[in-house]
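What follows is a short report on a single structure.
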Amino acid sequence: QVQLVESGGGLVQAGGSLRLSCVASGRTFPAYSMGWFRQGPGKEREFVAAISGGGGRTATADSVKGRFTISRDNAKNTVYLQMNSLKPEDTAVYYCAGDSTGRGVVVSAALRQYDYWGQGTQVTVSS
């Protein structure tokens with residue numbers, strides 16, 4: 001069983017930056033591809049970014065490309081989401097997710113690919 005705990009959310013003005021962190025329990029973290037998703041008010045959960053187990057491959061949603069960067073530190077069992085040039089439309093609860101079935105190779109934007117989820121961290125961007 002893997003537990004994921006997000007942190008780093010908060011209130012920031014438009015144009016500002018935040019870095020989200022997600023710490024995973026367990027020894028098999030490098031074998032998991034990881035993803036970040038978000039759910040805004042009244043919206044469905046949507047893909048933000050994903051990274052392979054070794055960190056060599058990433059995928060990013062078009063809506064955040066050039067502003068958000070996903071990375072990971074396997075020595076710390078942690079995945080990060082660096083968010084720059086934040087916009088009010090980035091306001092959402094951000095969730096970390098782990099994929100234990102893709103052998104760390106699959107980098108997917110699909111919610112159904114991920115079988116472990118954190119509780120989420122709120123990000124609010126004021127205009």
- Shortest non-hydrogen pair, L11 vs S126, comes out as CD1-CB, 4.4 Å
- Message: Side chains of L111 and R45, heavy atoms from C-beta outward: is any pair under 4.5 Å?
- Response: yes
- Task: Evaluate side-chain contact (heavy atoms from CB on, under 4.5 Å) for S71 paired with Q82, printing each intermediate quantity in order.
- Result: CA-CA 8 Å; S71 62; Q82 178 66 45; over 6 Å; no
- Name all residues meeting the side-chain hydrogen bond (donor to acceptor under 3.5 Å, both in side chains) criterion together with K65; count only those two or more places apart in sequence or in a different chain, and write none if there are none. D62
- Give the minimum heavy-atom separation between S108 and A50, together with the two atoms involved. O-CB, 3.7 Å
- Item | R72 (side chain) donor-acceptor with G53 (main chain) under 3.5 angstrom | yes
- Q3 meets the side-chain hydrogen bond (donor to acceptor under 3.5 Å, both in side chains) criterion, sequence neighbours left out, with none
- Query: With side chains defined as the heavy atoms from C-beta onward, is the minimum distance between Y80 and L20 less than 4.5 Å?
  - Reply: no
- Query: Got N84 and F68 here, is their nearest side-chain heavy-atom distance under 4.5 Å?
  - Reply: no
- Item | Residues which pass side-chain contact (heavy atoms from CB on, under 4.5 Å) with S85, listed by chain and number, not counting sequence neighbours | R67
- Transitive ILVMFWY side-chain link V125 to V48, under 4.5 Å: yes
- Query: Is there side-chain contact between Q113 and V106, with at least one heavy-atom pair below 4.5 Å?
  - Reply: yes
- Item | All side-chain contact (heavy atoms from CB on, under 4.5 Å) counterparts of P30, not counting sequence neighbours | N74
- Please, which pairs that meet ring-ring contact (aromatic ring centres under 6.0 Å, His included) have at least one residue in residues 1-29, sequence neighbours excluded? none
- Task: Grab the two heavy atoms, one from A49 and one from L81, that are nearest each other, plus how far apart they are.
- Result: CB-CD1, 4.2 Å
- Item | Contacts of Q122 that satisfy side-chain hydrogen bond (donor to acceptor under 3.5 Å, both in side chains) - sequence neighbours left out | T124
- Task: Please answer: with hydrophobic residues joined when any side-chain heavy atoms are less than 4.5 Å apart, are V12 and M83 in the same cluster?
- Result: yes
- Task: Could you list the residues that satisfy ring-ring contact (aromatic ring centres under 6.0 Å, His included) with F37, not counting sequence neighbours?
- Result: F47, Y114, W117
- Message: If you apply the rule side-chain hydrogen bond (donor to acceptor under 3.5 Å, both in side chains), what do you find for T78 with D73, and how did you get there?
- Response: CA-CA 5 Å; T78 303; D73 184 340; over 6 Å; no
- Message: What I'd like to find out is whether the side chain of V79 reaches to under 4.5 Å of the side chain of C96, using heavy atoms alone.
- Response: yes
- Task: With sequence neighbours excluded, tell me which residues meet side-chain contact (heavy atoms from CB on, under 4.5 Å) with S7.
- Result: S21
- Could you tell me whether E89 atom CD has more than 12 heavy atoms of other residues or ligands within 6.0 Å of it? yes
- Task: Might you point out which heavy atoms bring A24 and L4 nearest each other, and give the distance in Å?
- Result: CB-CD2, 3.5 Å
- Item | Residue pairs passing the salt bridge (Lys or Arg N to Asp or Glu O under 4.0 Å) test where at least one lies in residues 94-114, sequence neighbours excluded | none
- For T58, side-chain contact (heavy atoms from CB on, under 4.5 Å) partners two or more places apart: I51, I70
- What are the two closest heavy atoms between M34 and C22, and how far apart are they? CE-SG, 4.4 Å
- Partners of E46 by salt bridge (Lys or Arg N to Asp or Glu O under 4.0 Å), sequence neighbours excluded? R38
- Task: Only counting residues at least two apart or in another chain, list the ones meeting side-chain hydrogen bond (donor to acceptor under 3.5 Å, both in side chains) with S100.
- Result: D115
- Message: Is there a path of hydrophobic side-chain contacts, each under 4.5 Å between heavy atoms of I/L/V/M/F/W/Y residues, joining V107 to W36?
- Response: no
- Worked verdict on E6 versus Y94 for side-chain contact (heavy atoms from CB on, under 4.5 Å): CA-CA 8 Å; E6 303 99 333; Y94 284 71; over 6 Å; no
- Query: Looking only at heavy atoms, which two atoms of S33 and S52 are closest? And how far apart?
  - Reply: OG-CA, 3.7 Å
- Would a 4.5 Å heavy-atom cut-off, applied to side chains only, mark V123 and D90 as touching? no
